[in-house]
Protein chains: 2
Amino acid sequence: MSEIPGLRSAAGEQQGRQIPPASLARLTIYLRALNSLLAEGIERVSSDELAEAAGVNSPMLRKDLSYLGSYGTRGVGYDVQYLNSQISTALGLSQDWRVAIVGAGNLGRALAGYSGFQSRGFEVVALFDADQLIVGTEVGWLRVSPVQDLATVLGRTRANMAVLAVPAGVAQSLCDELVDAGITSILSFAPVVLQIPDHVQLRKVDMATELQILAYHAQRAQDPDLESGPRARAAQ
Amino acid sequence: MSEIPGLRSAAGEQQGRQIPPASLARLTIYLRALNSLLAEGIERVSSDELAEAAGVNSPMLRKDLSYLGSYGTRGVGYDVQYLNSQISTALGLSQDWRVAIVGAGNLGRALAGYSGFQSRGFEVVALFDADQLIVGTEVGWLRVSPVQDLATVLGRTRANMAVLAVPAGVAQSLCDELVDAGITSILSFAPVVLQIPDHVQLRKVDMATELQILAYHAQRAQDPDLESGPRARAAQ
DNA sequence: CAGTGTGAACACATTCACAGCA
DNA sequence: TGCTGTGAATGTGTTCACACTG
């Protein structure tokens, strides 16, 4: 059992093609599901089962996987371990990512202590704050550094990603500092539009936006407005 | 200045149509930008200016606004105050939303104290935790309630939305309790796929997913792979 | 023959050019 | 004249049916 399909060109195959953004987002979910299966000691899954676990339908799952290559066995399914490692390398999770968190308020501390990072190949290597009362305190295994030392500490810790967990007002200037220090991947929780150069990747999470979207749907659900033809059930 | 276009059928117009999900997400950004302009005392904006402030291009902004109705003035632009209120009512932000936060760890506390909620029409009315050491403590204006009292407290506080900020392992059962207690809008930060009935709206934020997506792009940027024709710059 | 992999059909989102109005 | 509003064209994402294979 679990014979591993052709290993030639280990992480290669159709690596050159861009994975469509929508698929990319779902691949991370499949990875999570595969890790759960792995933890349960399950060795094989069918696309139906994995799709169920990931909350999508199986044709979509298969199409998503097809952007990476053909890692399943027809009539059988996927080897959990093998598929897991294939997706991981495709997503670039085989190298170590060193994350700096800027802002050690509740959110920054929550992120610093979030086990989901460590367990999925991200190491938090620095934590910054501007508040003198917070600087120097310990959060988990980390000591909070002063933002003044941003560039220095980023260099020393060889951080290659950053998370912005600071108030909106100071986000742009700190973002600029991160970029100047050579960071090219930033995840921002600040509720502002950040200006960045082309070569920098920025992703944003805005919790108020999420609630507003929920509010919109909730409002429509309660007013029995013009609920037109096709049942408008927003997918998970 | 600022003559207000036809008020007949106040919040009506083409309210019946569903706003496309992609537009909906951006409308919340426009709202944020309009609030900033309002704070600066600016009364009018053109689609170019507002698009710039929101980090999108202006045809897209105009198309998004067109799903709500025609609230601009040709040759002039938009009245900031008026457009702000039109988008707000379209999104259902004119009624009061009462949010319960389940989980008073660092993340839950960060959310409870997040000024972006209060300022945008969301009131945090309850905060729950399972840990006896945390129950009873104060976070901002709130006292942490025991999860055992979930249904009771949700009823008393008339919460109509919930945020799940709990570990993956207990998310599903708490989600079920929320649903049983009549909550139909849930924002989950737990890194698991949640099972929900059709009438419940669920949105998910997964920070590890965000970092993984960044990792993918960063990996591609460093390996000068097959960088094919069209410059693959992931939009903000 | 069960279950993967994928091309072709469909639905949705974005872009663009320009008509229409203050 | 300047800027909004929108239909038509393009591009992207999803669904589906089924060919293919272990």
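Basis for what follows: all heavy atoms, side chains included, without hydrogens, waters or symmetry-related copies. Just so it is clear: chains get the letters A, B, ... in the order the sequence lines come, proteins before strands, and each one is counted from 1.
- In this structure, of D:dC20, D:dG2, C:dC18, it is D:dC20 that holds the atom nearest to the side chain of A:Arg74.
- Between A:Ile19 atom CD1 and D:dG13 atom C1' the separation is 15 Å, expressed in whole Å.
- OP1 and OP2 of D:dG13 both lie 4.0 Å or more from every side-chain N or O belonging to A:Arg26.
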Stepwise side chain to side chain contact (heavy atoms under 4.5 Å, CB included) test for B:Ile186 and B:Arg203
CA-CA 6 Å; B:Ile186 301 174; B:Arg203 292 190 63 82; over 6 Å; no
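- Proximity of B:Leu83 to B:Tyr30: side-chain heavy atoms (C-beta onward) are nowhere separated by under 4.5 Å.
- Comparing atom distances between the B:Lys63 side chain and each of D:dT14, D:dA8, C:dT4 picks out D:dA8 as nearest.
- For A:Ser47 and C:dT4, the shortest distance from a side-chain N or O to OP1 or OP2 is below 4.0 Å.
- Summarising the geometry, the separation between CE on B:Met60 and P on D:dG5 is reported as 17 Å, rounded to the nearest angstrom.
- B:Arg32 places a side-chain heavy atom less than 4.5 Å from the side chain of A:Pro191.
- Summary of the strand contacts: B:Gly77 and A:Pro20 both lie near DNA chain D, and taking for each the nucleotide with the nearest heavy atom, the more 5' one is attributed to B:Gly77.
- What separates OH of B:Tyr67 from P of D:dG5 is a distance of 14 Å, to the nearest Å.
- Put simply, CG on A:Asp79 is 16 Å from P on D:dG22, counting in whole angstrom units.
- At C:dG5, one or more side-chain N or O atoms of A:Tyr78 fall inside 4.0 Å of OP1 or OP2 (strictly under the cut-off).
- In this model, the phosphate group of D:dT15 is approached by a side-chain N or O of A:Asn57 to a distance below 4.0 Å at OP1 or OP2.
- A distance of 6.0 Å or more separates the ring centres of B:Tyr78 and B:Tyr71.
- Counting only N and O atoms by type, the side chains of A:Thr28 and B:Thr209 include a donor and acceptor under 3.5 Å apart.
- Put simply, CG on A:Leu65 is 16 Å from P on C:dG3, counting in whole angstrom units.
- The separation between B:Arg62 atom CZ and C:dG20 atom C1' is 13 Å, rounded to whole Å.
- Considering only the side chain of A:Ser46, C:dT4 comes nearest among D:dG5, C:dA8, C:dT4.
- Residues A:Pro21 and B:Asp48 both approach DNA chain D. Their nearest nucleotides, taken by heavy-atom distance, put B:Asp48 toward the 5′ side.
- What separates CG of A:Leu83 from P of C:dG3 is a distance of 16 Å, to the nearest Å.
- Rounded to an integer number of Å, the gap from OH of B:Tyr30 to P of D:dT4 is 13 Å.
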